[in-house]
Asker: 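Sharing a structure with you now.
Positions are given from 1 along the sequence. Both ligands and their constituent atoms are indexed starting at 1 by order of listing.
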Amino acid sequence: MTDLSNAGTISVAGRTVPRFGFGTMRLTGPKIFGEPADRDECVAVVRAAYDGGVRVFDTAWYYGPDVASPIVKDALSPYADDVVFVSKLGGARTDRGGWKPATSPDELRAGAERECRLLGVDHLPVVHLRWMPGGEADFDGMLATLQSLVDEGTIGAIGLSTVSLEQLDAVVAAGTTVATVSNPYGPGNRDDDALLARCGELGIPFLPYFSLVSSQQHEALDTVAQEIGATPSQVAIAWQLQRSPVVLPIPGTSKTAHLAENLAAAAITLTPEQVEAVG
Ligand SMILES: NC(=O)c1ccc[n+]([C@@H]2O[C@H](COP(=O)([O-])OP(=O)(O)OC[C@H]3O[C@@H](n4cnc5c(N)ncnc54)[C@H](OP(=O)(O)O)[C@@H]3O)[C@@H](O)[C@H]2O)c1
């Protein structure tokens, strides 16, 4: 039985949730393209995450594409009231599995409708403006379209992803409420320390992505892991939880054994010396 109580709770778009989420991007084939090798296992992973206390599921229609979100639907629908989807718009896939921006009003609207259909919902509680330069619309244009979707009731709240500190500050200064921020971050990638600090000042939940993959060569994790009899992934997750009270980890996995290991990391409390040693 997992216990996420040590991780505490956080408010995401007005919903109080355990401070431990799940990222669905790995519920796909290699390179986030096509069906996963074992779909039944992936459905079981998502169900086990919910049963283990996770309520925030970070997903996107373009994982697969059209693969990860239907797995979430098969695992969890009919949905309990406490499930909080955090989706994202701004990207799309090429026929060969590459990534491309999709930022125009039509593309963003079609993406929101597609995600709703895949998840089997008519409302997305939080949607990240996933900044990917090079599309038809610029950042402000994307924000305007997402705001329209909020006004129309398709989206509950807007988050920002893969943004700079300057972009966050500009959006906040313009009076837009930012529900969440999600950037690459972890013990092995501290590029956004300043952005995380600003999220802390503003009380905005920060969802680090690539937190495990960017920490694979981080030797300090191995050292601390050996010291406390945990795995490096567990130490990376425990470190995130202690790094800042606004961090909401969203580790991704396609395996129930890894999911159990990751959830168990919530119960680990690193000493200040161990936190310092990791990063
Ligand atoms: N906003 C954005 O633009 C954006 C971009 C990328 C990702 N994301 C979100 O962030 C989430 C997290 O990022 P991520 O999934 O790319 O990377 P991640 O959480 O850093 O790591 C996932 C990888 O680590 C492996 N893993 C997980 N738990 C493990 C464990 N206990 N032991 C060993 N290996 C383990 C997984 O493989 P197995 O499947 O074999 O466990 C997978 O390959 C994504 O799922 C997605 O929802 C958002």
Asker: Compute whether any side-chain donor of one residue and acceptor of the other, for Asp222 and Gln226, lie under 3.5 angstrom apart.
Answerer: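 No, because no side-chain N or O of Asp222 sits under 3.5 Å from a partner of the opposite role on Gln226.
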Asker: So if you build clusters from Ile, Leu, Val, Met, Phe, Trp, Tyr with side-chain heavy-atom gaps below 4.5 Å, do Leu196 and Val178 land together?
Answerer: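 Same cluster: Leu196 reaches Val178 through Ile, Leu, Val, Met, Phe, Trp or Tyr contacts under 4.5 Å.
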Asker: Looking at Glu107 and Lys100, does any basic side-chain N land under 4.0 Å from a carboxylate oxygen?
Answerer: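 Lys100 and Glu107: not salt-bridged.
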Asker: Among all the protein's non-hydrogen atoms, which is closest to atom 23 (C) of ligand 1, and how far away is it?
Answerer: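 Here the closest protein heavy atom is Val213 CG1, 3.7 Å.
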Asker: Mark up the atoms of ligand 1 that fall under 4.0 Å of a heavy atom belonging to Glu261, in ascending order.
Answerer: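 Near Glu261, meaning under 4.0 Å from one of its heavy atoms, ligand 1 has 30 (C), 31 (N), 32 (N).
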Asker: Could you list which atoms of ligand 1 come closer than 4.0 Å to a heavy atom of Ser161?
Answerer: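 It comes down to these atoms of ligand 1: 1 (N), 2 (C), 3 (O).
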Asker: Output the list of atoms in ligand 1 that are nearer than 4.0 Å to some heavy atom of Pro251, sorted by atom number.
Answerer: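 In order of number, 19 (O).
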Asker: Determine whether more than 12 heavy atoms belonging to other residues, nucleotides or ligands lie under 6.0 Å from atom CD of Glu219.
Answerer: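 For Glu219, atom CD is not crowded (no more than 12 foreign heavy atoms under 6.0 Å).
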Asker: Could you identify the single nearest non-hydrogen protein atom to atom 44 (C) of ligand 1 and state the distance to 0.1 Å?
Answerer: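 Minimum-distance protein heavy atom for atom 44 (C) of ligand 1 reads Met25 CB, 3.5 Å.
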Asker: Name the residue from Val54, Asp82, Thr9, Ile10 that meets the side chain to side chain contact (heavy atoms under 4.5 Å, CB included) definition with Val17.
Answerer: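 Result for side chain to side chain contact (heavy atoms under 4.5 Å, CB included) with Val17: Ile10.
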Asker: What residues form a ring pair (Phe, Tyr, Trp, His ring centres under 6.0 Å) with Phe139, not counting sequence neighbours?
Answerer: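 Partners of Phe139 by the ring pair (Phe, Tyr, Trp, His ring centres under 6.0 Å) criterion, ordered by chain and then number, come out as Trp131.
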Asker: Out of Gln216, Lys255, Arg26, whose heavy atom sits nearest atom 43 (O) of ligand 1?
Answerer: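 Comparing heavy atoms across Gln216, Lys255, Arg26, the nearest one to atom 43 (O) of ligand 1 lies in Arg26.
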Asker: Under 4.0 Å from ligand 1, counting heavy atoms only, is it the side chain of His258, its backbone, both or neither?
Answerer: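 Both backbone and side chain.
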Asker: Would you mind checking which non-hydrogen protein atom is closest to atom 12 (C) of ligand 1, with the distance to 0.1 Å?
Answerer: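 For atom 12 (C) of ligand 1, the nearest protein heavy atom comes out as Ile250 O, 3.1 Å.
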Asker: Side chain, backbone, both or neither: which part of Ser233 has a heavy atom under 4.0 Å from ligand 1?
Answerer: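 Under 4.0 Å from ligand 1, Ser233 contributes side-chain atoms alone.
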Asker: Tell me which protein heavy atom sits closest to atom 13 (O) of ligand 1, plus the residue, atom name and distance to 0.1 Å.
Answerer: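 The answer is Phe210 N, 3.4 Å.
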Asker: What atoms of ligand 1 come closer than 4.0 angstrom to any heavy atom of Gly23?
Answerer: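 Matching atoms, with element in brackets: 11 (C), 44 (C), 45 (O), 47 (O).
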Asker: Under the side chain to side chain donor-acceptor pair (under 3.5 Å) criterion, do Asp3 and Ser5 qualify, and how do the steps go?
Answerer: CA-CA 6 Å; Asp3 178 7; Ser5 59; 2.7 Å; yes
Asker: Is there a heavy atom of Phe22 sitting under 4.0 angstrom from any atom of ligand 1?
Answerer: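 Contact absent.
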Asker: Look at atom 27 (C) of ligand 1 and say which protein heavy atom is nearest, naming residue and atom and giving the distance to 0.1 Å.
Answerer: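 Here the closest protein heavy atom is Gly252 O, 3.1 Å.
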Asker: Would you compute the distance between atom OG1 of Thr162 and atom CG of Leu129 and round it to the nearest 0.5 angstrom?
Answerer: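 Spacing of OG1 (Thr162) from CG (Leu129) equals 9.5 Å.
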Asker: Is the Lys NZ or Arg CZ of Arg55 less than 6.0 Å from the centre of Tyr50's six-membered ring, within 45° of the axis?
Answerer: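 The answer is yes, since Arg55 meets both limits relative to Tyr50.
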Asker: Taking heavy atoms and a distance under 4.0 Å, where does Lys88 meet ligand 1: side chain, backbone, both or neither?
Answerer: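 For Lys88, only side-chain atoms sit under 4.0 Å from ligand 1.
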Asker: For atom 48 (C) of ligand 1, what's the nearest protein heavy-atom neighbour? Residue, atom name and distance, please.
Answerer: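 The protein heavy atom lying closest is Tyr63 OH, 3.4 Å.
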Asker: For atom 47 (O) of ligand 1, what is the closest protein heavy atom, and at what distance to 0.1 Å?
Answerer: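 Checking every protein heavy atom, the shortest distance to atom 47 (O) of ligand 1 gives Asp58 OD1, 2.7 Å.
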Asker: Any idea which of Trp99, Tyr209, Phe57 brings a heavy atom closest to atom 5 (C) of ligand 1?
Answerer: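 Of the listed residues, Tyr209 has the closest heavy atom.
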Asker: Under 3.5 Å, side chain of Thr103 to main-chain N/O of Ala137, donor-acceptor pair present?
Answerer: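 Yes.
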Asker: Which protein heavy atom lies closest to atom 39 (O) of ligand 1, and at what distance to 0.1 Å?
Answerer: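 Nearest neighbour among protein heavy atoms for atom 39 (O) of ligand 1, to 0.1 Å: Ser254 OG, 2.7 Å.
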Asker: Counting only nitrogen or oxygen atoms and a 3.5 angstrom limit, does His128 reach ligand 1?
Answerer: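 No; every N/O pair is 3.5 Å or more apart.
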Asker: Measure the spacing between OG1 of Thr253 and CD of Glu41 and express it to the nearest 0.5 Å.
Answerer: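 Here the interatomic distance stands at 8.0 Å.
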Asker: Are Phe210 and Val181 connected into the same hydrophobic cluster when the rule is that any two of I, L, V, M, F, W, Y join if their side-chain heavy atoms are below 4.5 Å apart?
Answerer: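 They do share one cluster, since a chain of ILVMFWY contacts under 4.5 Å joins Val181 to Phe210.
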Asker: Which option wins on minimum heavy-atom distance to atom 21 (O) of ligand 1: Val45, Leu212, Thr253?
Answerer: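 Nearest option to atom 21 (O) of ligand 1, by heavy atoms: Leu212.
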Asker: Classify the contact between Arg130 and ligand 1 as side chain, backbone, both or neither, using a heavy-atom distance cut-off of under 4.0 Å.
Answerer: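 Just the side chain.
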Asker: Following the transitive rule for hydrophobic clusters with a side-chain heavy-atom cut-off under 4.5 Å over Ile, Leu, Val, Met, Phe, Trp and Tyr, establish whether Phe33 and Tyr209 coincide in one cluster.
Answerer: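 No, because Phe33 and Tyr209 fall into different hydrophobic clusters, even though each may have its own neighbours under 4.5 Å.
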Asker: Would you compute the distance between atom CG of Asn262 and atom NZ of Lys255 and round it to the nearest 0.5 angstrom?
Answerer: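 Between atom CG of Asn262 and atom NZ of Lys255 there are 11.5 Å.
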Asker: Going by the atom numbers of ligand 1, which of them fall below 4.0 Å from some non-hydrogen atom of Thr24?
Answerer: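 This gives 45 (O), 47 (O) as the contact atoms.
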Asker: Is the contact between Asn262 and ligand 1 made by the side chain, the backbone, both, or neither, using heavy atoms and a 4.0 Å cut-off?
Answerer: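 The part of Asn262 near ligand 1 is the side chain, not the backbone.
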